[in-house]
Amino acid sequence: MTIMNRIKGKTVLITGASSGIGEASARSFASYGANLILCARREERLVQMKEELETEHEISVRIRGLDVREREAVEAFARELVAEKTVPDVLVNNAGKALGLHLLHEGLVEDWEEMLDTNVKGLLYMTRSILPAMVERDSGHIVNIGSVAGHQVYQKGAVYNASKFAVKALNEGMALDLLGTGIRVTSIDPGLVETEFSKVRFHGDEERAETVYEGYTPLTGDDIADIITFVVNTPEHVNILDLIVLPTAQRSAHMVHKETS
Ligand SMILES: NC(=O)c1ccc[n+]([C@@H]2O[C@H](COP(=O)([O-])OP(=O)(O)OC[C@H]3O[C@@H](n4cnc5c(N)ncnc54)[C@H](OP(=O)(O)O)[C@@H]3O)[C@@H](O)[C@H]2O)c1
């Protein structure tokens, strides 16, 4: 059986495309023949990806060093795209992070602010900037990267949990507000994925980050990217609202079976 390619020629904007799930998604969409708009703060990584993906695939890749917390920069970029009639067919709101693992009364307020500003407000800025052009065209697909942490709370994760519960609410809210339009809305909610996520969470402590993925097989960025492209590749009348994806060894936000050696 051959799988129909409904992605080829579409324009896909991915935030947080410089590593992990975002980078893997860019590679997966490129393999389907989508044109890409890649954003992240580490622009040098995007420069490399552009070179590589444009050489390997017959696609165009546009890159932008962008911090999703900077509202004016996000709005200006969206205005630039719309003025050129480059309205993305797919927006993957992926940029996000956890910072710290602390009891609430010991948490760092700076970490909370960065998580909420990135995971919630950054997602809102990007969506608010791009969505009107999708609505005008009456087609498009918003893919929000939530988390199992947006369905179940775990100890020492309350603020990250709150940010991903917010993503769940925003995903459902967008879906409702877009009732009657041709725009699809999906949240992909992973469990443990081995990316730079834990290194970022533990402020660069790689040794501690590695322990998160020991004793079981975690998901990879490619696993999630395959699911994102699958969801986008479904026919226009199919809308997958929310998908929780866990490694087989994980059964809830806080229950992971680890083999001890
Ligand atoms: N890994 C997991 O276990 C897991 C599980 C559930 C959900 N998630 C979610 O998956 C998404 C991707 O995370 P990941 O696991 O792929 O982690 P990652 O490897 O650390 O990637 C995060 C991406 O977000 C970008 N980013 C961070 N802050 C940004 C900002 N202010 N503006 C623009 N881009 C920013 C980073 O790029 P720059 O640093 O270059 O800006 C990077 O490309 C996040 O929303 C995360 O919450 C991850």
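In what follows, residues are counted from 1 in the order of the sequence shown. In listed order, ligands and their atoms are each counted from 1. Just so it is clear, the values below take in all heavy atoms, side chains as well, and ignore hydrogens, waters and symmetry mates.
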Quick one: pull up CD1 in Ile59 and CG in Asn35 and give me the separation to the nearest 0.5 Å.
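Between atom CD1 of Ile59 and atom CG of Asn35 there are 6.5 Å.
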Judged by modelled atom types alone, do [X] and [Y] share a side-chain donor-acceptor pair under 3.5 Å?
X	Y	answer
Asp189	His151	yes
Asn119	Ser163	yes
Asn144	Thr186	no
Arg184	Thr234	yes
His203	Asp111	yes

Which is closest to [atom] in terms of heavy atoms, [options]?
atom	options	result
atom 22 (C) of ligand 1	Gly96, Gly22, Gly150, Ser18	Gly96
atom 41 (O) of ligand 1	Arg201, Glu196, Glu23, Arg41	Arg41
atom 44 (C) of ligand 1	Asn94, Thr195, Ile145	Asn94

At a 4.0 Å cut-off, with the gap strictly under it, does some heavy atom of [X] reach an atom of ligand 1?
X	result
Gly221	no
Glu43	no
Thr15	no
Gly146	yes
Ser198	no

Close-contact set for ligand 1 against [X] heavy atoms, below 4.0 Å:
X	value
Ser19	18 (P), 19 (O), 20 (O), 21 (O), 42 (C), 43 (O)
Gly191	2 (C), 3 (O), 4 (C), 5 (C), 6 (C)
Gly20	16 (O), 19 (O)
Leu192	3 (O)
Arg69	31 (N)
Ala17	43 (O)
Tyr160	7 (C), 8 (N), 46 (C), 47 (O)

**OP:** Select one of side chain, backbone, both or neither to describe which atoms of Leu66 lie under 4.0 Å from any atom of ligand 1, heavy atoms only.
**Re:**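 The backbone, only.
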Report the nearest protein non-hydrogen atom to atom 31 (N) of ligand 1: residue, atom name, distance rounded to 0.1 Å.
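Heavy-atom neighbour on the protein nearest atom 31 (N) of ligand 1: Asp67 OD1, 2.8 Å.
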Distance from atom 6 (C) of ligand 1 to nearest protein heavy atom, with residue and atom:
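Scanning the protein heavy atoms, the shortest distance from atom 6 (C) of ligand 1 goes to Pro190 O, 3.2 Å.
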Any N or O of [X] closer than 3.5 Å to N or O of ligand 1:
X	answer
Gly16	yes
Lys164	yes
Val193	yes
Val68	yes

(Q) Can you see whether Tyr160 has Arg201 sitting over its ring - NZ or CZ less than 6.0 Å from the centre and within 45° of the normal? (A)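 Judged by the rule (NZ or CZ under 6.0 Å from the ring centre, within 45° of its axis), Arg201 counts as positioned above Tyr160.
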Q. Is the number of heavy atoms from other residues, nucleotides or ligands under 6.0 Å of Arg128 CZ greater than 12?
A.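 No - once you tally the heavy atoms of other residues, nucleotides and ligands closer than 6.0 Å, there are 12 at most.
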Donor-acceptor pair, [X] side chain versus [Y] backbone, under 3.5 Å?
X	Y	result
Arg64	Cys39	no
Tyr213	Val193	yes
Asn93	Ile142	no
Thr15	Ala95	yes
Thr118	Met115	no

